Amino acid sequence: MTVEAAHARVLAVVKKNIADVLPDVDPDAIPVEARLVDLGANSIDRADIVVQSMADLGLRVSPTELGRAHNIAGLVALFVEQLTRA
Amino acid sequence: MPEAARAQARRVVITGLGVVSALGVGPEAFAQGLWSGRSAIARQAPDARPPLALYARLAAFDFASALSASTHDAALAERARRAGRRAPLAVQLSLVCAVQAWQQAGLGEAGLDPEACALVVGGQNISPAHSFQLHERWRDALHAVPPSHAMHFMDSDHVGCVSEALALRGEGFCVGAASASGNVALIHGQRLVAAGQADCCVVIGALADLSPLEWQALRNSGALASDTTYTPPALACRPFDRAAAGFVYGEAAVALVLESRDVALARGARPLAEWLGGALVLEGSRLPEAQTQGQVRAMRQALRAADLGPADVDYVSAHGTSTPGGDAAEAAALHDVFAGALGRVRINATKALVGHALYGAGAVAALACVVQMQAGRLHGNPHLLEPIDPRLPFVGRAGESARVRVALSNAHGFGGINTAIVLGA
């Protein structure tokens, strides 16, 4: 999978799960430089979005690795990195 | 209760009601359902969830709409919506009922200290259906179970969500007592208020959202009515009738607001009924079979707590599940307690109309007591054709007008848990 394709897929999955967990957020207007907490997600919401996204993408990322992502863009980049790894 | 404690106990009244049930949503619709005499029990499609051929099923429930209909306080509705938007169905029903009751009690504008407002949720193992569905979904991918399940699997999720929606900051907890949970929750809520540890207490009778496992166990135990050939099918639920052959489930959640009478009157609230007494006694038996002695003790103690005797009681809301053993034990208990006072008291069983709400049954009955006392009317026993004990003064099939000043309401749970509460107009 190319990095571009992976990026598109990851972004779509993360947006879908944000929309699922935070129905008041417009999925087409999510600023990726924002943090999930800025969109109104509490700690459990954030965990749900992350876990469900990993499940959808077939990824298992350690909490330590996940801690490297500081906003939505960072989360997407982390998942893309995992997906395109050999 | 020791004499000194009783002397200092504050009087407690009911100032708000909330209900989501198959018979109606909101106390007015519920009351209309009682007067209609038409049971909400109906035959269900084979693929129904829960997997029961016969039960009283809630009409299509939309959480956000139900909240908007429960209060004109948009901020309250929004807090409740946010608190419960991803919670299990039972939590959403608790929220809707709590908002209805809070609204009716006028507590949004009352300015009570939130730390003086308590919460007791009646029910244990409230949502096995939720866990069952999650297991079906995640059995082969357990690593991806939603983190939010860490909150939702516990009954205390109701305490968290309702207290967040209503800004309750006093004491809060769940009580588990099987089908007596509603009465036990009321008893404990009343104790908090009477002892001055809360000025008001929201009491919830939670929906029993069981999974196919529990329903099958109940079915295999012989407790469920299984004959769907009656016309109408609801006739299968016939408390105290010779042909009674098991209980029929009814989906329902209820909320009542208990409040210090002094606090309520001082803020200009109108009490709907007063708490006169209550009792909770164990049989000392883990079995599901109801026993007469424990039920007699519960009724006698509740009346003693109310400083009343059987001759003072106008109306009994029977537990009346339509199980032959349970009905027989309760009929014997009623006869024991009311011997010599059978001329005045009237008896009905609300489960014929609403079904058996399990955990919430006691709270459903308490709400029905208040509604009937307010209306000066008792609903009928529509499916009582041949009473197992014709000496007992059952209300007829159609209901009757009645001035009820004192009502006694029974609830009994598996494991020998017997309760009775006494309410006054």
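Quick caveat, the model's predicted, so the values are computed rather than measured. Each chain gets a letter, A, B and so on, in the order its sequence line appears, and its residues count up from 1. What you see below is based on every heavy atom in this structure, not just the backbone, and it leaves out hydrogens, waters and symmetry mates.
Contacts between A:V21 and chain B at a heavy-atom distance below 4.5 Å involve backbone atoms as well as side-chain atoms. Neither the backbone nor the side chain of A:N42 comes within contact range of chain B, judged by heavy atoms closer than 4.5 Å. Neither the backbone nor the side chain of A:L59 has a heavy atom closer than 4.5 Å to any heavy atom of chain B.
Across B:P146 and A:D48, no two heavy atoms sit closer than the pair C-OD1, 3.5 Å. Smallest separation of non-hydrogen atoms from B:V145 and A:V51: O-CG1, 3.9 Å.
Summarising the local packing, CD of B:Q197 is surrounded by more than 12 heavy atoms from other residues, nucleotides or ligands at distances under 6.0 Å. The number of heavy atoms from other shown groups lying within 6.0 Å of CZ (B:R85) is above 12.
Looking only at heavy-atom pairs under 4.5 Å with chain A, the residue among B:P147, B:A141, B:A144 that has the most is B:P147.
Taken to the nearest 0.5 Å, the CZ atom of B:R86 stands 9.5 Å off from the CD1 atom of A:I44.
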